[in-house]
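Quick caveat: nothing in here was measured; it's all calculated off a predicted structure.
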There are 2 protein chains.
Amino acid sequence: MSATKLRKDQKRAVAVAAVRADPLQSLDRIDRAILRQLQTDASISNVALAARVKLSAPACLRRVERLKESGLIQAVVALIDPKAAGAGMLVMIGVVLDRSTPESFAEFEKAAQNVTGCMECHVVTGEFDYFMTIRTRDSDSFNRLHAEQLLYLPGVRQIRSFMVLKEILSTTKFPL
Amino acid sequence: MSATKLRKDQKRAVAVAAVRADPLQSLDRIDRAILRQLQTDASISNVALAARVKLSAPACLRRVERLKESGLIQAVVALIDPKAAGAGMLVMIGVVLDRSTPESFAEFEKAAQNVTGCMECHVVTGEFDYFMTIRTRDSDSFNRLHAEQLLYLPGVRQIRSFMVLKEILSTTKFPL
DNA sequence: CTTGAAATACTACTACG
DNA sequence: CGTAGTAGTATTTCAAG
């Protein structure tokens, strides 16, 4: 094996490792432009998208499909305006469980999925076991939710609610 | 004016008030089916969507456009898999400001918008002034973010970080 | 006011260079 | 990756419930 070939193989191995470490690195300027656009507005037609990223339509479509297949684009969805949909109130909730047993956690997680308007639920470090964010209509409806669902979540020692007074920033967009 | 007319007017006023109170009430079964579908997968073609909700393509398209124009559908976007994009770590952050003045809040809010990977930032009631959620790659990158950006946010007295260990639920879907 | 059928314009998609 | 061609879709028009 020649010294040149060895150097080439080495170079390639480094490149592959870099991609593994950060998939974004494997995306060129055009892929990023596509992702930036689709994160903002995915209802744009493929030809318009192609023009925007200065590519032919088929080439652009191939890239988008590759991005979907690779799983980087998880889904294309419609975002609904919560206020218009009658769920203008956002509440963040910290939960402390009674006992820190696997069964206790599993039971809670199963039940939490079914809380009406629950958008996020995560296990966290720190003074809480779980953090949830819930969308509901107003303080009345939240009070009902609190009394009828949250207080009946299994194995809960304490629930602390942080009502959102003002949404400064709320985005699904990812820094690229 | 006849008694019948009066009753009709009354009835209509009640209906209008109901719609104002909850725009979802004004949506029929088909609109809801459309929204449910588009919240899950908006890359579906209009003809396929029409078939799914048992409507002709033009009628379906008109409804979708109406839903967009009314603002109920805020946007159609591509969701990127954070892990695949090299930002698999999620951190929730509670912030307490030094002083509770309008200037202090305004200054903080302006600066918070520019924190790399900040997905949400809200004013909340309770023991914190703000709650933020931040996406980043790993604990190293979060540590850098913490040292280089979070600690320099203006007017901050205390920052408390809750690292997310497990994402149980994370959705943009709305209960309809 | 909304729907559905037909016609047109445009787009997605394929094959190939 | 781009060009050209085909298949299918979106979109308009219009008639009818």
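- The CG-P distance, from B:L67 to C:dT2, rounds to 12 Å in whole Å.
- Residue A:R66 qualifies as enclosed at atom CZ: its count of foreign heavy atoms under 6.0 Å is above 12.
- Closest to the side chain of B:A59, out of C:dA12, C:dG4, C:dT14, is C:dG4.
- Across D:dC1, D:dT12, D:dA10, the shortest atom-to-atom separation from the side chain of A:L55 is found for D:dC1.
- Comparing D:dC1, C:dA12, D:dA10 by their nearest atom to the side chain of B:N46 picks out D:dA10.
- Contacts of A:S56 with the nucleic acid, taken as non-hydrogen atoms under 4.0 Å apart, include base atoms.
- In this structure, B:R63 places its CZ atom 17 Å from P of D:dT11, rounding to the nearest Å.
- In this structure, the nucleotide among D:dC1, D:dT11, C:dA12 sitting nearest to the side chain of A:L61 is C:dA12.
- Distances from the side chain of B:E65 to the nucleotides D:dG2, C:dA12, D:dT11 place D:dT11 closest.
- A:R135 and A:E167 are joined by a salt bridge, as a carboxylate oxygen and a charged side-chain nitrogen come within less than 4.0 angstrom of each other.
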>> Test side-chain contact (heavy atoms from CB on, under 4.5 Å) on A:V115 and A:I134; report intermediate values, then the result.
In response: CA-CA 8 Å; A:V115 172; A:I134 294 180; 3.8 Å; yes
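- Considering only the side chain of B:R62, C:dT3 comes nearest among D:dT9, C:dT3, C:dT2.
- Taking atom CD1 on B:I34 and atom P on C:dT2, their separation rounds to 13 Å, with Å as the unit.
- Rounded to whole Å, the distance from CG on B:D28 to C1' on C:dC1 is 13 Å.
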>> Please evaluate residues A:L169 and B:E109 with respect to the criterion side-chain contact (heavy atoms from CB on, under 4.5 Å), reporting the C-alpha separation (whole Å), side-chain torsions for both, the decisive distance (0.1 Å), and the verdict.
In response: CA-CA 9 Å; A:L169 176 68; B:E109 289 173 19; over 6 Å; no
